[in-house]
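Have a look at the structure below, then the notes.
Here is the naming used below: chain letters follow the sequence lines, and residue numbers restart at 1 for every chain. As the structure is a prediction and not an experimental result, all values here were calculated from the model.
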Amino acid sequence: MTEKTQPPAFGPHSASTDLPTQYTPADVERKLYERWVERGYFAADPKSGKEPYAIVLPPPNVTGSLHPGHAFEHTLIDALTRRKRMQGYETLWQPGMDHAGIATQNVVERELAKEGKSRHDLGREAFVERVWKWKAESGGRISGQMRRLGDGVDWSRERFTMDEGLSRAVQTIFKRLFDDGLIYRAERIINWCPRCLTAISDIEVEYQEDDGELVSIRYGEGEDSVVVATTRAETMLGDTAVAVHPDDERYAHLVGRTVRLPLTDRSIPVVADEHVDPEFGTGAVKVTPAHDPNDFEIGRRHGLPQLTVMDEHAIITAHGPFQGLDRLEARSAVVAALRAEGRIVAEKRPYRHSVGHCSRCKTTIEPRLSMQWWVKVAPLAEAAGDAVRDGRVAIHPKEMSSRYFEWVDNLHDWCISRQLWWGHRIPVWYGPDGETVCVGPDEEPPSGDGWHQETDVLDTWFSSGLWPFSTLGWPEKTESLARFYPNSVLVTGYDILFFWVARMMMFGLYAMDGVPPFHTIALHGMVRDQFGKKMSKSFGNAVDPLDWMDAYGSDAVRFTLARGANPGVDVPIGEDWVQASRNFANKVWNATRFALLNGATVEGELPSPEEMSATDRWILSRLNSVVSEVDAYYDDYQFAKLSDALFHFAWDEVFDWYVELSKTTFAAGGRPAEVSRRVLGEVLDVTLRLLHPVTPFVTDELWTTLTSGESVVVAAWPEDSGFRDPAAEREIDTVRQLVTEVRRFRADQGLQPGQRVPAALDLTAVPALTAHEEAIRSLLRLQPAGGDFTATATLPVAGATVALDLSGAIDVEAERRRLTKDLAAAEKELAQTTAKLGNEAFLAKAPDHVVDKIRARRAAAEADIARIGTQLDRLPG
RNA sequence: GGGUGCAUAGCUCAGCGGUAGAGCGCCGCCCUUACAAGGCGGAUGUCGGCGGUUCGAACCCGUCUGCACCCACCA
């Protein structure tokens with residue numbers, strides 16, 4: 001913090017000179033956001049005649065709070081929707097939250113555990129009530145964070161996956177799928193989390209390399225024995241066969257016979273199955289149909305019994321000495337017992353293999369045989385694949401399409417039932433005589449003795465898969481649904497392509513008569529820390545975006561995220577970068593402050609090009625180019641590019657060169673100053689509008705001050721007027737080149753930047769520059785030369801000559817070093833270009849513009865060599 | 001076991017066939033009346049290795065190495 005006193009916060013209509021010298025985000029952010037919402041800027045009206053533009057907010061889980069990844073995603077969506085709104089589209093950004101079944105239930109269970117209670121102590125109803133209470137607090141926190149970020153969502157349409165309307169949607173589509181035979185109930189091996197006590201789907205399983213131990217066990221006796229290997233010895237209690245490959249001669253004599261299963265009083269058959277790899281291990285595999293998905297399949301093929309030996313807590317239930325042991329205890333106990341019987345044939349050896357873990361609690365998954373509800377995905381997935389294949393839905397960046405196809409083309413059926421309490425209860429009733437009735441939203445469930453509803457709830461992704469249309473009122477045929485479905489684009493992370501995007505595609509196509517839920521899928525990367533490491537709480541590098549917003553302002557956080565957003569690529573974020581963005585916001589602030597202090601205006605027509613100076617024409621020419629550039633980047637979801645383009649245009653061109661050059665004009669006054677004031681007003685007006693979608697707060701505060709407009713939120717998006725002035729651009733480039741060259745000389749000579757130096761400027765060789773003489777003198781701190789120079793340094797730059805009176809202060813050696821270095825560079829350039837131009841093949845095959853460029857470079861090198869030679873000759877000594 | 005992506009300045013990343021770029025960091029000099037959250041100047045790279053295509057390659061092709069991530073029912 002500086003010691004300068006800060007004037008109080010100011011309103012949009014206070015005098016312009018009230019602007020403090022530093023931008024203080026806290027003074028404006030809250031006030032502006034409230035104003036935007038109050039004025040209804042973000043409300044989408046289905047009745048307007050405007051073309052619709054709709055995006056859904058990927059609903060955050062009600063658990064916890066927003067992390068940097070959310071801030072990132074929201075920034076991108078907010079920028080897209082703000083621009084479209086400015087372009088005159090009827091823009092909907094649909095907000096809401098996801099009940100996040102298993103995740104939320106876990107969180108609340110942990111809360112309960114702190115009180116020494118389990119959900120069973122409360123009972124289902126009270127527990128669910130408790131979750132709702134918790135949701136109320138947590139949801140409020142998230143919407144508070146979204147307000148801080150500046151998210152332009154339509155709050156009047158906020159939805160929750162468990163609210164009444166969305167629950168109706170869930171029930172409706174369940175019933176429809178059920179009636180179409182696309183939902184069924186079946187007993188299968190599923191991924192079971194023994195801690196969450198529920199089934200989870202395949203993609204909720206995270207595989208990690210774990211160190212296990214492979215033990216080899218002999219089944220049967222003597223000649224008729226067979227050795228199998230396993231990492232889960234305890235499952236042998238549930239073995240109901242040994243399988244070998246049909247062509248494996250080693251075991252041919254055993255097939256069809258039985259071997260005794262150690263530690264039990266059972267004998268199990270040896271079966272031949274193609275699935276067995278004879279090359280792996282001993283070529284014989286134990287078969288546990290109730291506890292392994294492969295074995296389940298083998299068991300099915302051979303009609304083997306499915307013997308369950310573990311309960312839902314992964315505790316052994318098989319009668320005998322192991323009963324009551326946890327699976328890991330049982331594992332070592334079983335191995336010890338086998339060893340005692342001499343059944344372990346080889347010492348157990350370390351074995352690294354891939355083991356499934358629950359994505360929610362990291363507990364090792366236990367494959368388990370159980371009755372679950374399933375969605376038959378094949379027909380749905382095919383439609384989802386086709387929609388992308390035939391171009392109705394585009395995926396950005398397109399390289400990500402392969403991931404999408406990888407999944408939709410290789411789908412297993414989706415296990416949608418969860419043994420949880422928090423979620424949409426499956427709308428199926430079972431009758432006393434084994435009847436199964438699926439109940440639609442407007443139907444009365446069957447009542448009477450023996451009827452009861454399914455206790456399982458649906459996978460949380462079942463309801464979020466309906467998000468693009470359930471939020472718009474489906475299954476009712478609402479105006480909003482007709483207007484805003486399909487969505488224009490879906491913006492989300494590539495990590496939930498399978499979880500969420502594919503499900504929305506399947507359900508959208510199914511429920512909405514083959515119309516896919518969005519035209520475009522724009523995938524972004526993950527937020528990482530400044531070293532490119534994944535942000536995670538356990539790693540300790542996760543940051544709360546609110547902390548940075550408090551310290552540097554929302555705009556700074558947003559600009560940093562946008563600047564890192566290359567399509568589909570992970571974005572690293574560090575505090576240094578947020579600071580840099582804060583500095584940029586402050587720069588924008590101060591440039592506008594300068595403009596206001598100097599009477600910049602947006603009033604009246606823009607003067608004609610004839611009236612303007614080359615400087616004015618140059619910046620307007622550049623401005624229009626940037627407008628087109630930014631538009632092209634937006635249309636291609638190139639947030640990093642557009643942010644960078646704006647950053648450099650604003651800072652380097654407008655704030656540095658244009659503002660500096662115009663100071664001279666303003667000082668001189670008169671009509672040229674008036675023209676420049678109008679041009680500066682124009683340039684800032686347009687620049688602020690261009691920046692607004694990414695940095696909404698500072699731009700609105702400044703824009704309303706500058707223009708007295710209502711709000712930049714509802715201002716028109718800039719359009720390229722088509723004005724270009726290449727001659728003016730060349731002219732200003734020359735001025736910049738000249739000034740830079742002389743500055744370099746000054747720095748090399750040790751002249752302090754503020755030190756005024758007498759100088760003669762001879763610009764006659766470049767007539768266009770004469771108009772800029774005052775500006776050049778001012779930028780270079782050159783004073784008019786009075787009388788004779790005592791010591792002169794002459795710089796021929798860009799055809800002009802600058803003679804500086806150094807009054808004996810010239811550092812001859814420094815200058816000689818500088819010139820020698822430049823000379824070497826110029827000679828190298830000459831050699832290179834000459835060689836190139838002497839190459840016949842090059843001249844014959846290279847395009848003209850390349851050859852011309854090389855010629856120009858050679859000419860420039862020659863001129864440089866001559867110039868530097870002259871300068872060196874003049875050096876004393 | 002498959003698949004995809006990435007290896008460019010100290011760090012994080014752009015560039016993707018025609019003189020190596022940005023931000024931050026670093027080294028000088030400056031509080032020049034919009035801004036020190038600033039200004040000016042500067043240094044820094046065998047563009048992962050090796051081959052090939054081409055007049056020309058960071059960019060295209062092959063190959064190797066290293067690193068990410070995704071998918072997969074390997075006991």
Fill in the blank from the handout: The contact string for nucleotides 22-32 of chain B, one letter per nucleotide 5' to 3', using protein heavy atoms under 4.0 Å with B, S and - for base, sugar-phosphate only and none, comes out as SBS----BS-S

Practice task
Counting heavy atoms from C-beta on, name the nucleotide in A14(B), G39(B), A43(B) closest to the side chain of Val569(A).
Solution key: A14(B)

Exercise for the section: Select base, sugar-phosphate, or nothing to describe what Asp656(A) touches, counting heavy atoms under 4.0 Å on all strands. Expected result: sugar-phosphate

Handout entry: Exercise: do Tyr658(A) and Glu653(A) side chains pair donor with acceptor under 3.5 Å
Key = no

Practice task
For nucleotides U44(B) and G1(B), find the distance between their C1' atoms and express it as a whole number of Å.
Solution key: 44 Å

Handout entry: Nucleotide forming a Watson-Crick or wobble pair with C11(B), both distances under 3.5 Å
Key = G23(B)

Practice task
Report yes if at least one side-chain N or O of Lys663(A) is closer than 4.0 Å to OP1 or OP2 of U33(B); otherwise report no.
Solution key: no

Practice task
Indicate whether any N or O donor in one side chain lies under 3.5 Å from an N or O acceptor in the other, for Asp570(A) and Tyr494(A).
Solution key: yes

Exercise for the section: Could you tell me whether Pro367(A) contacts a base, only the sugar-phosphate backbone, or nothing, with contacts defined as non-hydrogen atoms closer than 4.0 Å? Expected result: nothing

Problem - Side-chain donor-acceptor pair present, Asp273(A), His302(A), cut-off under 3.5 Å - result: yes

Handout entry: Separation between the C1' atoms of U8(B) and G23(B), rounded to whole Å
Key = 15 Å

Problem - Rounded distance in Å - CG (Asn598(A)) to P (U33(B)) - result: 14 Å

Exercise for the section: May I ask you to decide whether Glu234(A) forms a salt bridge with Arg327(A), counting only side-chain N to carboxylate O separations under 4.0 Å? Expected result: no

Handout entry: Atom pair distance, as rounded to whole Å: CD in Gln755(A) and P in G41(B)
Key = 17 Å

Problem - P spacing across the pair G48(B) / A7(B), given as an integer number of angstrom - result: 8 Å

Completion exercise
Atom CG of Asp848(A) and atom C1' of C55(B) are separated, to the nearest Å, by 14 Å

Handout entry: Glu575(A)-Tyr552(A) side chain donor-acceptor pair, cut-off 3.5 Å
Key = yes

Exercise for the section: Could you state the atom-to-atom distance from CG of Leu779(A) to C1' of G41(B) in whole Å? Expected result: 15 Å

Exercise for the section: Answer with base, sugar-phosphate or nothing: what part of the nucleic acid does Phe584(A) contact at a heavy-atom distance below 4.0 Å? Expected result: nothing

Handout entry: Distance in angstrom units between Ile854(A) CD1 and C55(B) C1', rounded
Key = 11 Å

Fill in the blank from the handout: Of Phe842(A) and Arg744(A), the one whose closest nucleotide on RNA chain B sits nearer the 5' end is Arg744(A)

Exercise for the section: Could you give the distance separating G45(B) and C11(B) at their C1' atoms, to the nearest angstrom? Expected result: 14 Å

Handout entry: Nucleotide-resolved protein contact map, nucleotides 68-75 of chain B, B/S/- at heavy-atom distance under 4.0 Å
Key = -SSSBB-B

Practice task
Take atom CG of Asn566(A) and atom P of C6(B), then tell me their distance rounded to the nearest Å.
Solution key: 12 Å

Exercise for the section: Select base, sugar-phosphate, or nothing to describe what Glu297(A) touches, counting heavy atoms under 4.0 Å on all strands. Expected result: nothing

Fill in the blank from the handout: Mate of C35(B) across any strand shown (Watson-Crick or G-U wobble, both atom pairs under 3.5 Å) is none

Handout entry: Distance, C1' atom - from C13(B) to G56(B), rounded to whole angstrom
Key = 27 Å

Exercise for the section: Identify the heavy atoms of Val276(A) and His245(A) that sit nearest to each other, and give their distance. Expected result: O-ND1, 3.0 Å

Handout entry: Pair Tyr23(A)-Asn590(A), side-chain donor/acceptor within less than 3.5 Å
Key = no

Completion exercise
Here the pair of heavy atoms bringing Leu691(A) nearest to Phe584(A) is CD2-CE2, 3.9 Å

Practice task
Mind checking Thr740(A) for me? I need base, sugar-phosphate or nothing, with any heavy atom below 4.0 Å counting as a touch.
Solution key: sugar-phosphate

Problem - Ala673(A) versus Thr665(A), closest heavy-atom pair with distance - result: CB-O, 3.5 Å

Handout entry: Separation between the C1' atoms of G21(B) and C67(B), rounded to whole Å
Key = 24 Å

Problem - N/O donor-acceptor pair, side chain Gln638(A) with base A14(B), under 3.5 angstrom - result: no

Practice task
Take atom C1' in C24(B) and the same atom in C61(B), then report the distance between them in whole Å.
Solution key: 36 Å

Exercise for the section: State the pairing partner of C6(B); accept Watson-Crick or G-U wobble contacts with both distances under 3.5 Å, and report none otherwise. Expected result: G66(B)

Exercise for the section: Answer yes when Asp822(A) and Arg744(A) have at least one side-chain N-carboxylate O distance shorter than 4.0 Å, and no when they do not. Expected result: yes

Handout entry: C1' gap between G3(B) and G10(B), integer Å
Key = 34 Å

Handout entry: Residue matched to C60(B) through Watson-Crick or wobble contacts both under 3.5 angstrom
Key = G52(B)

Exercise for the section: Name the nucleic acid region contacted by Arg743(A), choosing base, sugar-phosphate or nothing; use a 4.0 angstrom heavy-atom cut-off, strictly under. Expected result: sugar-phosphate

Practice task
Calculate the interatomic distance between Asp409(A) atom CG and G2(B) atom C1'; express it in whole Å.
Solution key: 15 Å

Handout entry: Carboxylate-amine/guanidinium proximity below 4.0 Å for Asp636(A) and Lys641(A)
Key = no

Handout entry: Between C1' of C35(B) and NZ of Lys587(A), the distance in whole Å
Key = 6 Å

Exercise for the section: Provide the full list of side chain to side chain donor-acceptor pair (under 3.5 Å) pairs with a residue in residues 826-848 of chain A, sequence neighbours left out, each pair given once. Expected result: Glu829(A)-Arg857(A)

Practice task
Report yes if a side-chain nitrogen or oxygen of Lys821(A) is closer than 4.0 Å to either non-bridging phosphate oxygen (OP1 or OP2) of G42(B); otherwise report no.
Solution key: no

Exercise for the section: Identify whether any heavy atom of Lys828(A) sits under 4.0 Å from a base atom; if not, whether one sits that close to sugar-phosphate; answer base, sugar-phosphate or nothing. Expected result: nothing

